[in-house]
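Chain identifiers are assigned alphabetically (A, B, ...) following the order of the sequence lines, protein sequences preceding nucleic acid strands; residue numbering begins at 1 within each chain. Atom set for the values below is all heavy atoms of this structure, side chains included, hydrogens, waters and symmetry mates excluded.
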2 protein chains.
Amino acid sequence: MSNAVRSKITIKQVAEASGVAPSTVSNALTGKGYVSEETRGRVLQAAQSLGYRASSLARSLRLQQTWSVGLLVADVSNPFFPAVVRGVEDVLWRRQYNLVLCNTDYNKEKEAAYLRHLLDKRLDGLILASTAADSDDVLELQAEGVPFVMLNRRHVSARTPYVGMDNEGGVGMAMDHLLALGHRRIAFIKGRADSSAAEERHQGYRQALEREAIAYDPALVMQGDYTIESGHAAAARFLALRRPPTAIVSANDFMAFGAMALFKERGLAVPSEMSVIGFDDIFVSALPWIELTTVRPQSWQLGASAAELLLELVGGREANRRREIILPNELVLRATTAPARPER
Amino acid sequence: MSNAVRSKITIKQVAEASGVAPSTVSNALTGKGYVSEETRGRVLQAAQSLGYRASSLARSLRLQQTWSVGLLVADVSNPFFPAVVRGVEDVLWRRQYNLVLCNTDYNKEKEAAYLRHLLDKRLDGLILASTAADSDDVLELQAEGVPFVMLNRRHVSARTPYVGMDNEGGVGMAMDHLLALGHRRIAFIKGRADSSAAEERHQGYRQALEREAIAYDPALVMQGDYTIESGHAAAARFLALRRPPTAIVSANDFMAFGAMALFKERGLAVPSEMSVIGFDDIFVSALPWIELTTVRPQSWQLGASAAELLLELVGGREANRRREIILPNELVLRATTAPARPER
DNA sequence: TTGTAGGCGTTATCAG
DNA sequence: CTGATAACGCCTACAA
């Protein structure tokens, strides 16, 4: 009730109020040192009535730990990320850690600036879900000895703790499904060139073709940037081909939507005239108007695993710990794929 | 190159390396005190080559400022929030502040726990976008004198800085549009009972009816919880009515999708047999398969304004500053509304 | 069992 | 212009 502006109560005042030394208050409150039941009671009582709350700030300086970790994502607005963020946050919450969220907008300078800033704040660790594959910052982090985990993005050269999904296998499943349906001309819309995940998905495409001894046709691969618009554009290019594909695999759901939108405009029926498979399984894909067949990663788990791995690194028990976690995906069969029609 | 583990370089080491006192290093680096050009040069040089970066942690303790603000949202996975989060973060980024993101899952205890935690960390301010209207925590915050802004959620009693959208007017526009199309039996799917925003939207519905002297029929109002499923369920209830509505306004897009999904299942054509309007304009609503007519709030701006207001409060210039910002919405006309058909 | 004395890394103050 | 000193709030030896 009468606690007034209690945000400024310090350990000293509690000490005075309970007639003991600050160190005793600390011992009583943290339960670490020897304190008689009686004094502990008095201290707790005083702390309570003054509304004392120890400053994590001061404690952090003293203990060299901030109980905060940073998460760098390209853009939370991209519907793939929220689940990942939740995964991270849910784990941190359980362990009483806080999450500092940073959006890098696929921008190297912004990312670098954020990194500097976070390092200055002496966060306990970092999760990088946005880094370009060739970022020098990653090397620096490693040099500085800051615990960090790369999330679905590898660095070209550095060997770092990594949590990711099976990108190659995911696209592989999609391709196998189409191949089994008899498709032979299958196009692929690639993701941003600077991410390892995009590269791995592209690999999945190539290897599936190889398995079936189908020649890789560069005309059937378009570069996108994960936006709906880029999928739309890519699809238009595919249709303009002399021999258009009968199916398309997209590196994410957004671009698949774009492609489907174009097919709709052009009066091309999906799936009877064109099969489409996406990647990410964002919630939209399940809506009855869309029902996109797509590869579903374990997004929440991805974030959760990254957070868990990071906390272990922070705890310093890294030695006896696997540094790489690859989570499998699932192919969600819905309504955008059908058997290939014999080519005319 | 040879900077070794530079994360531990302190101001003292820089002082030694450049042959001056720590305070002089501080002055040179922050540019606050008088320092001769010559010494400044030496200091910068030394700092540079040692890779010195001042600890914000220590600085925070000393300056009583953390350059971090907390943002409490119900759930970033709800597609309404990412844009808000981005708005907040973009403004903070410009001002060199960091964002601590917390998901409360509409859970009071979790929210309270987070709040305690954040207060312990001495964040500079808080943005509350998830608080229940009757939360006691808000009163406590106020008592503690921590700068904070409520985002699209008011407290029942406390007068606090507030940034929100025109919920009432938003639903009002939707209603007026339907009314103008000749609809007279219009149903409303309400949002979670504990939020002021939901209440305001409900008010918008009532008042629009009043303006047209149409009686308020409780059977035409269903309580939802912002999920697709709850919209689906609500729609089913409406159709079961002896005199079903000819149009539905939903307190958010998700529930509108749920309703539309049900209509699709039941073979009820939208918009010819049933008009639907949502609220939020999440990106999905614009997809060609959906084209939901909906009320578009300025989500990014909402977050940005909240952050700006908060930073002003933090800066202590609150006195001469409006404490309440209400952003207008826009009705986005798409393909889910049509003139009412004469009642049979 | 309790208290005293540093020190975590900065910066503000003030004397030199 | 520069440097010693103290203080931000807490915790951990170590001494009493």
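For Gln13(B), the CD atom sits in a packed shell: over 12 heavy atoms of surrounding residues, nucleotides or ligands are nearer than 6.0 Å.
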Next item on the list: Apply side chain to side chain donor-acceptor pair (under 3.5 Å) to the pair Ser36(B) and Thr39(B), showing each step before the final yes or no.
Entry: CA-CA 5 Å; Ser36(B) 75; Thr39(B) 17; 2.4 Å; yes
Checklist line | Verdict with supporting geometry, Asp105(B) and Arg86(A), salt bridge (charged side-chain N to carboxylate O under 4.0 Å, His left out) | finding: CA-CA 11 Å; Asp105(B) 289 320; Arg86(A) 283 308 309 257; 2.9 Å; yes
Checklist line | Trace of the side chain to side chain donor-acceptor pair (under 3.5 Å) decision for Lys121(A) with Ser55(B) | finding: CA-CA 6 Å; Lys121(A) 288 214 171 158; Ser55(B) 159; over 6 Å; no
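Leu57(A) comes within contact range of no nucleotide atom at all, as no heavy-atom separation falls under 4.0 Å. Using a 4.0 Å heavy-atom distance criterion, Ser60(B) is classed as making no nucleic acid contact.
Evaluation of the salt bridge (charged side-chain N to carboxylate O under 4.0 Å, His left out) test over residues 39-52 of chain B, restricted to residues two or more places apart or in two chains, returns Glu37(B)-Arg40(B), Glu38(B)-Arg42(B). Every pair passing side chain to side chain donor-acceptor pair (under 3.5 Å) that includes a residue from residues 147-162 of chain A is listed here, sequence neighbours excluded: Asn152(A)-Asn167(A), Arg154(A)-Glu200(A), Arg154(A)-Glu324(A), His155(A)-Ser157(A). Residue pairs meeting the ring-ring contact (aromatic ring centres under 6.0 Å, His included) criterion with at least one member in residues 110-133 of chain A, sequence neighbours excluded, are Tyr114(A)-Trp93(B).
Look at Arg59(A) and you'll find a side-chain N or O under 4.0 angstrom from OP1 or OP2 of dC11(D). Regarding contacts with the backbone of dG9(D), every side-chain N or O of Thr10(A) stays at 4.0 angstrom or more from both OP1 and OP2.
Rounded to an integer number of Å, the gap from Gln65(A) CD to dC10(D) C1' is 14 Å. Atom pair Asp120(B):CG and dC11(D):P shows a separation of 11 Å (rounding to whole Å applied). Atom NZ in Lys121(B) sits roughly 18 Å away from atom P in dG9(D) (whole-Å rounding).
Heavy-atom minimum distance, Leu123(B) versus Gly70(B): CD1-N, 3.5 Å. Leu92(B) approaches Asn98(B) most closely through the heavy-atom pair CD1-O, 3.9 Å.
Nearest-nucleotide assignment on DNA chain C puts the 5′-proximal partner with Gln64(A), out of Val25(B) and Gln64(A). Both Pro22(A) and Pro22(B) sit near DNA chain D, but only Pro22(B) has its closest nucleotide nearer the 5' end.
Computed from C1' positions of five pairs at each end, the angle between the two local axes of the helix from dT1(C)-dA16(D) to dG16(C)-dC1(D) equals 50°, rounded to 10 degrees.
Side-chain contact of Thr66(B) with Ser60(B): a donor-acceptor pair under 3.5 Å is absent, judged by distance alone.
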Using the 3.5 Å cut-off, write out each protein N or O paired with an N or O of nucleotides 1-3 of chain D and the distance between them.
from, atom 1, to, atom 2, distance (Å)
dT2(D), OP1, Ser36(B), OG, 3.1
dT2(D), OP1, Thr39(B), OG1, 2.7
dT2(D), OP2, Ser36(B), N, 2.8
dT2(D), OP2, Thr39(B), OG1, 2.9
dG3(D), OP2, Ala21(B), N, 3.1
dG3(D), OP2, Thr24(B), OG1, 2.9
dG3(D), N7, Ser23(B), OG, 3.3

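For DNA chain C, the outermost nucleotides in 5' to 3' order that have an atom under 4.0 Å from a heavy atom of chain B are dG9(C) to dA12(C).
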